[in-house]
Amino acid sequence: LCRNAELVEGTFRGFTGTSRHREIPKICQELSYKGAHLFVFLTDSNGPDWRPVQKGDAEKCPQEYRHLSVFGVCLRNSECWLSTDADHIANHFGRNPAEFRIEDPKGIVESCFGISRLDKKENEIADFVLAAPLRHWLTNPSFEDFFAQLWQKSKELGCKLENLREPEP
């Protein structure tokens with residue numbers, strides 16, 4: 001862990017890729033002004049190919065902030081990351097793992113968490129992620145790429161990050 005690290009949230013008001021691309025430079029400036037040492041952007045690809053989304057977001061990041069930035073793009077959507085370990089999420093909700101082993105588990109995940117347009121259940125999802133065996137998520141190529149970026153930044157910043165690639169003790 002990084003001593004004295006704290007989460008500083010940026011503001012993003014858009015819902016489309018176009019507005020996200022337009023706001024990335026503003027978000028970088030805002031986070032820099034707030035003294036952030038690492039900018040983590042998370043989004044989803046809304047499809048099976050996440051790399052072009054990641055490349056497009058990185059290209060919108062001003063050059064002077066790129067060394068501070070990590071771009072995580074969920075393969076298809078964030079529900080795919082949450083369902084990567086189908087056994088874990090199924091056990092958590094008392095469901096059959098097969099319900100989560102589908103190409104796009106968005107519907108079942110939203111139903112299980114009780115996500116609605118007005119209530120995104122962010123705290124419940126954060127608690128779930130904190131308890132999840134994240135090393136199992138490395139089987140998802142977009143999550144593995146996100147972890148690799150975070151691992152590299154942890155080394156650059158002198159922070160201790162659990163190496164999810166090592167076998168569990």
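Just so it is clear, the model here is predicted, and its values are computed rather than measured. When a residue number appears, it is its place in the shown sequence, counting from 1.
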Rounded to the nearest 0.5 Å, how far apart are [atom1] of [X] and [atom2] of [Y]?
{"X": "His136", "Y": "Glu168", "atom1": "NE2", "atom2": "CD", "answer": "5.0 Å"}
{"X": "Leu68", "Y": "Phe39", "atom1": "CG", "atom2": "CZ", "answer": "5.0 Å"}
{"X": "Asn96", "Y": "Asn91", "atom1": "CG", "atom2": "CG", "answer": "12.0 Å"}
{"X": "Glu79", "Y": "Phe100", "atom1": "CD", "atom2": "CZ", "answer": "11.5 Å"}
{"X": "Asp145", "Y": "Leu150", "atom1": "CG", "atom2": "CG", "answer": "9.5 Å"}
{"X": "Ile27", "Y": "Ser32", "atom1": "CD1", "atom2": "OG", "answer": "13.5 Å"}

Answer yes or no: is there an ion pair linking [X] with [Y], defined by an N-O contact shorter than 4.0 Å?
{"X": "Lys153", "Y": "Glu156", "result": "yes"}
{"X": "Glu110", "Y": "Lys121", "result": "no"}
{"X": "Asp85", "Y": "Arg135", "result": "no"}

Which atom names give the shortest non-hydrogen contact between [X] and [Y], and what distance separates them?
{"X": "Leu82", "Y": "Ile89", "result": "O-CD1, 3.6 Å"}
{"X": "Arg76", "Y": "Pro48", "result": "NH2-CB, 3.8 Å"}
{"X": "Ala86", "Y": "Pro97", "result": "CB-O, 3.7 Å"}
{"X": "Cys74", "Y": "Ser78", "result": "SG-CA, 3.6 Å"}

Side-chain donor-acceptor pair present, [X], [Y], cut-off under 3.5 Å:
{"X": "Asn77", "Y": "Asp104", "result": "yes"}
{"X": "Arg51", "Y": "Gln54", "result": "no"}
{"X": "Glu144", "Y": "Asn140", "result": "no"}

Could you check whether the rings of Phe143 and Trp81 sit parallel, tilted or perpendicular, using 30° and 60° as the cut-offs?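 Perpendicular, since the angle between the ring planes exceeds 60°.
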
Test side-chain contact (heavy atoms from CB on, under 4.5 Å) on Ser45 and Ser142 and set out the steps. CA-CA 10 Å; Ser45 64; Ser142 65; over 6 Å; no

Measure the shortest side-chain to side-chain distance between Cys80 and Pro105 over non-hydrogen atoms and say whether it is less than 4.5 angstrom.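 Side chain of Cys80 against side chain of Pro105, heavy atoms only: contact under 4.5 Å found.
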
Are side-chain heavy atoms of Asp127 and Ile125 found at a separation under 4.5 Å?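 No, too far: nothing below the 4.5 Å cut-off.
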
May I ask you to check whether over 12 heavy atoms, not counting those of Lys55, lie within 6.0 Å of atom NZ?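 Incorrect, the count does not exceed 12.
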
So with a 6.0 Å cut-off around CD of Glu103, is the heavy-atom count from everything else above 12?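 Atom CD in Glu103 is not packed in, count stays at 12 or less.
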
Do Phe71 and Phe146 have ring centroids that are under 6.0 Å from one another?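 No - the distance between ring centres of Phe146 and Phe71 does not fall below the 6.0 Å cut-off.
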
Just checking Trp137 against Phe147, ring centres under 6.0 Å apart?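 No, they do not, as the ring centres are separated by 6.0 Å or more.
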
Going through the distances and angles, do Lys34 and Glu30 end up as a salt bridge (Lys or Arg N to Asp or Glu O under 4.0 Å)? CA-CA 6 Å; Lys34 290 180 176 181; Glu30 175 189 356; 3.0 Å; yes

Under the side-chain contact (heavy atoms from CB on, under 4.5 Å) rule, what do Arg95 and Cys112 come out as? Steps first, then yes or no, please. CA-CA 9 Å; Arg95 305 291 291 252; Cys112 287; 3.6 Å; yes

With side-chain contact (heavy atoms from CB on, under 4.5 Å) as the criterion, how do Trp151 and Asn163 come out once you've worked through the C-alpha distance, each side chain's angles and the decisive distance to 0.1 Å? CA-CA 8 Å; Trp151 179 257; Asn163 186 353; 3.4 Å; yes

Connecting only ILVMFWY residues whose side-chain heavy atoms lie within less than 4.5 Å of each other, what is the rest of Val73's hydrophobic cluster?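 Cluster partners of Val73: Trp50, Val53, Leu75.
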
Test question: given the 4.5 Å side-chain rule for I, L, V, M, F, W and Y, name all other residues clustered with Ile102, or answer none.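 Its cluster partners, ordered by chain and number, are none at all.
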
Phe128 and His88: CA distance, side-chain angles, deciding distance, ring-ring contact (aromatic ring centres under 6.0 Å, His included) verdict: CA-CA 10 Å; Phe128 175 81; His88 177 74; 5.2 Å; yes

Pair Ile24-Cys28, side-chain contact (heavy atoms from CB on, under 4.5 Å): steps then yes or no: CA-CA 6 Å; Ile24 286 175; Cys28 290; 4.3 Å; yes

